[in-house]
Every structure is written in C-alpha cells, then in structure tokens.
Amino acid sequence: MKKLFSKLMFLALAAVTFTACEDVPNPYDVPGTGSNVPGAIEIPGGVGEGTFETPFNAIAALNFGKKLETGQVSKDYMYIKGKVSKIESAFESNSYGNGTFYISNDGGHGNEFYVYRVNYLGNKKYAKSDTPVKLGDDVIICAKITNYNGTIETNQGEGFVYELNGENRGGEILPSEDQGDNQGEAAGDGTQANPYNVAGVLAFINTLGDKTSDNVVYVKGKISKVEEEFGTQYGNATFNISDEGTSNWFKAYQVYHLGNKKYTGTETQIKLGDEVIVCGKVVNFKGNTPETAARTGYIYSLNGVTESSDTPDTPVVGGEGDGTKDSPYNVTAAIAAASKTGAYVKGYIVGNAPDKTISSAIFTADGASETNILIAASADETQTANCMAVQLPTGDIRTKLNLSANPSNLKKEVILYGNIENYFGQVGIKSVTYAILEGTEIGNNPGGGSTPEPSGDTALNVDFKAGIGNWTIDDKNKPAEISAIWVHDAKYGMKATAYVNSTKQNYDSESWLVSPAIDLSNYTTATLKVHHAINFFASVDKAKEEATVMARIGSGQWEEVPLSNWPSSLSWTFVDATADMSAFAGESNVQIAFRYTSTAAKAGTWEVEKVSIE
C-alpha cells in the first residue's frame, strides 16, 4: 500500500508540474515516469552488460528494463552497480529482513533505479549486527529485473545486496534459476567416486516420476542460493546448487552437515559460491522441485573437505524371504521391497534413534528411546542405510522390545509383523502388532497376515463453529494493516485470509492455527479428517501450496501431512479430506497446525469447519 501511495504521489506531482509550468523542463526523471517507461527513448549514459564481470550501471539497468513488457520479469539474475540515492525503507531485523531504496549512477536524483525489497549481503536476512545501508553507499545488486506497471525495479523476493562498499559475503550466483534454456550436459553416475553434476541428477530424477529414489546418490555443484543456512535448532540447512555456467538448479533440502551430522554452531557455515557434494535420496517434490528428500541428505564434501559418515558407498540390494510367516524378509529384502502392508520381517536389534531422526541413530542401549528400535540383517551393523527403524506402539510390543528398559535385547534376533513404509525418512516398519523374540510371542498373532487395525477411538474431534477452544494462533508474519488473519466464524468455523476488504488490498503473510497436544500413544495407525473450503486463491494448485496441514511430535520439527482431497474449483464448497497421521501413531504429544500463507499479489481464503483424528 505504501509503495502504491508513493507512486501515486509521484504521478500527482508530475501532473501538477506539467499543468503549472508547461515550458519548464522536469529537473530529473522520477522513477515510474518520464524516460523510465517502456517504449521511451533510451537514456544516454548506460554502461555494462548486467553480468558478474561487467555490471549494469543504474541507467543501463533502466534501459534494459524498458524492453520488458508490463509484468514481465527477466529470465536471468542481473548485476546492477550504483550509489544509494534514496532510502524508502531501511533494512530491519524483522520477519522480512530486507530493504527498499533507489540507486543512481552518481548518487544524485536523476534516472534512479528502484531496488525493491532485496535481502542483505550473502542473500540473507538483515540482522541487528549488520551494517545498515546509507545514502551515498556504493552497492552492487544481484537481482531479476521487472517492469512493474511502468516502474523498472528488482523483482520482489529475487534480489539481494551482492556488494556493499567493497564488501561481499558470497560467491557468484549463477545466471538463472529457470529450468529452461542453457541446461548444460549431464555428467556422472551418482556414485561417491563419480557424482552427478546438476544436469545429471535432473535427468535421473526425470526417470523417477513422483517417487523418491530407493538409494542415495551423490550430486556435485556450486551453491547458488541459500534458503536456510545451518542453524542449531534442527541442525540442517536448505540451499540450491547449480552447474557453473548453466541455468540448472537442484535443491539440497534440510540436509545435515559434513559426516551426516547435525550442525551444532561451531562448524563451517555455507555461503554462495561454495563447491559441495551432497549425498541423499532425491525426489521431484510436487512435480516441480528437484531436491533431496527431507532429512535424508547431508554435505559429503564442502570445498574439498570431507568427513566420515554412516552412509555406504554402494546401494543396498538383494536379500532373503518373501515376507510371509514361513519365510520372513530379512532386513535387506524388506528395504528393497520399500512398501508392503502386513509383512513379516526378521532382523537383529542393533540400536535406536533417540531424537526420532535417522541421523541421531546410536548403536548401543545407552540413552535409548522407548518408542523405536533399529534392526539390521547383521548383528554388527553400524550403517543407518542398512537398517530399518521400527516404531514401537504402546503396549507389550514397546514394553518388551525397547532398549531403554531391555538393554540385553541389543544384538538379539527378532521377527516382527507390521507395515513396511517410510519412517524417519527411509524404509522402516510401523503398525507392529506381533513379534517373536527368542521364541517368545509378543502381541496378537495375526493368524495368517490380517491387516493390523488401529487401536483407540477418536483422539481429536473439533467443530470450529462452536469456537476456537484451546487452539492457539501463531502469526509468523502479520502486517500491521491486518487486525487478524485467522478469525472465528460461527457459521463456517475458523477462517484465514490476508485480504483487507476495506482497502481491497492483499498482503504477504503467514499464520498458523495450532492444536493443543494430542495423545496418540494408544494408536498404531491414525487418520486426520478435515472438512474445509477454499476461495480467492490464484488457483486450486496454488491453494495446495499456501494452505497446508503440518504436524510434529513434542517440540520437534514440523512436517507437512498432505490432504487427500481439495475442491475441484475455487468456491465456498466444503469437501471432506483425510491425511495419513500414522507416522505419529504411538506418540503421546502430537500437534497439528493449519498453515496459511499469502502474497501481496494474491491472498486467498481458507475455511476449516471440522477436524478429527481417528
């Protein structure tokens, strides 16, 4: 709104000038008017090519932008050099952490280029300890350029201060993140000895469809964008890597540090331009984001430095058994099976994951968790990729198998009956109802392989038309212009939107509707049921990205639990949807949240009427 008001004021002043002083020339070009309009005569004094080696000056950037149609964004990232001539909003240490200002060739008011909401040095959010940008500073901006309704400027969310008074905190960002032209030649075979390049892993991912790779692969490239640097809360990072000189990109999503270890705060941070080899399973997430599957990857090499890890150099293949009681899978065969409902698996109890992530695995009974064990085909196995994590439901299965209460179970052989499915980011076993340990039967013998049934009745049953109850609202990003994003409606339940009807304005926002703790300790499987409606999003597909359901255990990391059903069109039609919550079954402190996001371009409305877990 501030930006629109500013532009209207400039236009109004310009109109007054033309009316009152028709014969007096305008002293300089105001951004958004005069020569800074597509189709106007090229402004003299433009220098540079917009490249890393030869940046545009401010005038050259304006001339480049004049060639764009209204709303068009440059395909490539461009480099623009100039002096800060006006500061519209200073960098602040808040949820945005970015700044908006103008630059010109010499720092004066004339032919100024609009630098809109760019990140700080290193493409990171501004922190209180950072040096603020001030008038007269020499800057180089790396950004995509757009023609926004006649104003040539950096495209929101796709720019940062590459250099400030000679200081920079990152290497060269590659020309584009588009998966279009200039793809480069695929190379490598994905092994540790011969990693894929980015073009190579993209070609491999294209063969997977919507599936995650069965085995880990190695991918080599340079960091071209840091989305989330390493932090001590979760110990991982998210960034993009590219092949030098191409427009390919691949996302390293929630990967751990060297040696497949959580970052603790003392290790080397990552930055733009670093050369890395990333190891992990890969997937084309939602059909348009090639990335490592969440928390299955780590940095194998950082600028040539490597550390030992748990991950084997060769994929796990082969095995024994067919999954029946008479011929149980061994762990190797079960991993190869990847998914099966109601299967027998035999293996040795070799450890557990105390932090409920495979990266926290320990091969001892000391400090063991009560809720899971690791089994392997060999009693001496210490590589997590050769293990299966087993979820232990409340009852005799947990009581008699967990290593915390039964340390002598370490290295004993066990036969389990349950479902082979993803657990802790790799193939594991859940919904276990029967086990045999040293000839002793535990749980209910399925008698030929019947499918395990969930225990318990309804863990959660909420009708939001009656009120919010003991749920809470966590506003991650709520503009001051909005009084509330999530609101209660006695007719429709809880409703989220960042559109303000009085001003007809959309806002960039993020707000979570968070449940109290939910006890699923008596469940072996669990299903979330939601009655909801959507409207005014850019599309149904966009609603699936901006209206998501999240879940976590205790104070752990939130994970998306995808809903099965959405309205076929944008309307106020309510539909019933479900989500598989079995990954959280057996846990006593589970939370779910309805995460709503929006942009300044479009803010949809999400209505959630009823929620239950069965």
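As a basis for the values below, the full set of heavy atoms in this structure was taken, side chains included, without hydrogen atoms, waters or symmetry mates.
- The shortest heavy-atom contact between Tyr77 and Lys144 is CE1-CE, 3.7 Å.
- In terms of modelled atom types and a separation under 3.5 Å, the side chain of Asp475 and the main chain of Lys478 share no donor-acceptor contact.
- Legend: salt bridge (Lys or Arg N to Asp or Glu O under 4.0 Å) pairs involving residues 248-260, not counting sequence neighbours, sorted by first then second residue: Glu227-Lys251.
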Exercise. Does the pair Tyr114 and Glu88 meet the rule for a side-chain hydrogen bond (donor to acceptor under 3.5 Å, both in side chains), with working shown?
Worked result: CA-CA 10 Å; Tyr114 191 36; Glu88 184 170 293; 2.7 Å; yes

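- Thr212 places no side-chain N or O within donor-acceptor distance of the main-chain N or O of Val283, the cut-off being under 3.5 Å.
- Using a distance-only test at 3.5 Å, with no hydrogens or angles considered, no donor-acceptor pair links the side chain of Tyr218 to the main chain of Tyr300.
- For Thr238 (side chain) and Glu228 (main-chain N/O), no donor-acceptor pair under 3.5 Å exists by modelled atom type.
- Using a 4.5 Å heavy-atom cutoff, the side chains of Gln426 and Lys281 are in contact.
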Exercise. So Glu229 and Lys124, salt bridge (Lys or Arg N to Asp or Glu O under 4.0 Å) or not? Walk me through it.
Worked result: CA-CA 9 Å; Glu229 64 184 17; Lys124 298 177 182 178; 3.0 Å; yes

For this session: Take Asn506 and Thr599 through the side chain to side chain contact (heavy atoms under 4.5 Å, CB included) test and state the conclusion after the steps.
Result: CA-CA 7 Å; Asn506 298 290; Thr599 68; over 6 Å; no

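- Considering CG of Leu164 and CD1 of Ile140, their distance stands at 10.5 Å, rounded to 0.5 Å.
- Distance check: Leu258 CG to Glu267 CD gives 8.5 Å after rounding to the nearest 0.5 Å.
- In this structure, Trp486 and Trp606 have side chains that are in contact, with non-hydrogen atoms separated by less than 4.5 Å.
- Legend: residues meeting salt bridge (charged side-chain N to carboxylate O under 4.0 Å, His left out) with Lys542, ordered by chain and number and at least two apart, are Glu545.
- Between the side chain of Asn57 and the backbone N or O of Ala60, at least one donor-acceptor pair lies under 3.5 Å.
- Between Lys66 and Glu42 there is no salt bridge, since no side-chain nitrogen of the basic residue lies less than 4.0 Å from a carboxylate oxygen of the acidic one.
- Within the 3.5 Å criterion, the main-chain N or O of Glu275 finds a donor-acceptor partner in the side chain of Asn303.
- When all heavy atoms are compared, the tightest approach of Ser598 to Lys602 is CB-O, 3.9 Å.
- Here the closest non-hydrogen pair linking Leu68 and Ser74 is CD1-N, 4.3 Å.
- Here the side chains of Val561 and Met550 are not in contact, with every heavy-atom distance at 4.5 Å or above.
- Of the inter-residue distances, the one linking Phe285 atom CZ with Glu560 atom CD reads 5.0 Å to the nearest 0.5 angstrom.
- Between the Ser104 side chain and the Gly108 main chain, a donor and an acceptor come within less than 3.5 Å of each other.
- Side-chain contact check for Thr289 versus Trp249: some heavy-atom pair is nearer than 4.5 Å.
- Within the 4.5 Å cutoff, side-chain heavy atoms of Glu112 are placed close to those of Lys86.
- Taking the side chain as every heavy atom from C-beta outward, Val549 and Leu563 approach each other to under 4.5 Å.
- Among residues two or more places apart in sequence or in another chain, the side chain to side chain contact (heavy atoms under 4.5 Å, CB included) test is passed with Glu510 by Lys476, Asn477, Trp512, Arg595, Thr597.
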For this session: Run the numbers on Cys279 and Gln192 for side chain to side chain contact (heavy atoms under 4.5 Å, CB included), then give the verdict.
Result: CA-CA 8 Å; Cys279 174; Gln192 185 184 100; over 6 Å; no

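- With sequence neighbours excluded, the residues satisfying side chain to side chain contact (heavy atoms under 4.5 Å, CB included) with Asn119 are Asn98, Asn123, Phe160.
- No more than 12 heavy atoms of other residues, nucleotides or ligands shown are found within 6.0 angstrom of NZ on Lys81.
- Taking 4.5 Å as the limit, some side-chain heavy atom of Val217 sits within range of a side-chain heavy atom of Tyr196.
- Centroid-to-centroid, the aromatic rings of His257 and Tyr298 stay 6.0 Å apart or farther.
- Scanning all heavy atoms of the two residues, the minimum distance from Ser511 to Ile473 falls at OG-CG2, 3.6 Å.
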Exercise. Could you walk me through whether Asn111 and Asn105 pass the side chain to side chain contact (heavy atoms under 4.5 Å, CB included) check?
Worked result: CA-CA 8 Å; Asn111 298 319; Asn105 284 6; over 6 Å; no

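- Between the side chain of Asn240 and the backbone N or O of Ser224 there is no donor-acceptor pair closer than 3.5 Å.
- Here the CG atom belonging to Leu121 is positioned 10.5 Å from the OH atom belonging to Tyr126, to the nearest 0.5 angstrom.
- In terms of the side chain to side chain contact (heavy atoms under 4.5 Å, CB included) criterion, residue partners of Ser360 (sequence neighbours excluded) are, by chain and number, Ala353, Pro354, Asp355, Thr357.
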For this session: Evaluate the side chain to side chain contact (heavy atoms under 4.5 Å, CB included) criterion for residues Val118 and Glu158: first the C-alpha distance (whole Å), next the side-chain angles of each, then the deciding distance (0.1 Å), finally the verdict.
Result: CA-CA 7 Å; Val118 294; Glu158 294 187 291; over 6 Å; no

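- Judged purely by atom type and a 3.5 angstrom limit, Thr100 uses its side chain to pair as donor or acceptor with the backbone of Arg117.
- Ring-centre distance between Tyr162 and Tyr79: below the 6.0 Å cut-off.
- One distance of note links CZ of Phe230 with OG1 of Thr264; it measures 11.0 Å at 0.5 Å rounding.
- Pairing each heavy atom of Ile87 with each of Lys134, the nearest pair is CD1-CA, 3.7 Å.
- Across all non-hydrogen atoms, the minimal contact from Pro290 to Ile205 is CB-CD1, 3.7 Å.
- Ring centroids of Tyr256 and Tyr263 are separated by 6.0 Å or more, keeping the two rings apart.
- Applying the side-chain contact (heavy atoms from CB on, under 4.5 Å) test between Phe64 and each of Ile80, Ile145, Ile152 identifies Ile145 as the sole match.
- Applying the side chain to side chain contact (heavy atoms under 4.5 Å, CB included) test to Ser555 and every residue at least two apart in sequence or in another chain returns nothing.
- For the atom pair CH2 (Trp566) and CZ (Phe537), the distance works out to 7.0 Å, reported to the nearest 0.5 Å.
- With hydrogens and angles disregarded, no donor-acceptor distance shorter than 3.5 Å links the side chain of Ser509 to the backbone of Ala498.
- Looking at heavy atoms from C-beta onward, Lys83 lies out of side-chain contact with Asp137 at the 4.5 angstrom threshold.
- By the 30° and 60° cut-offs, the orientation of the rings of Phe91 relative to Phe101 is tilted.
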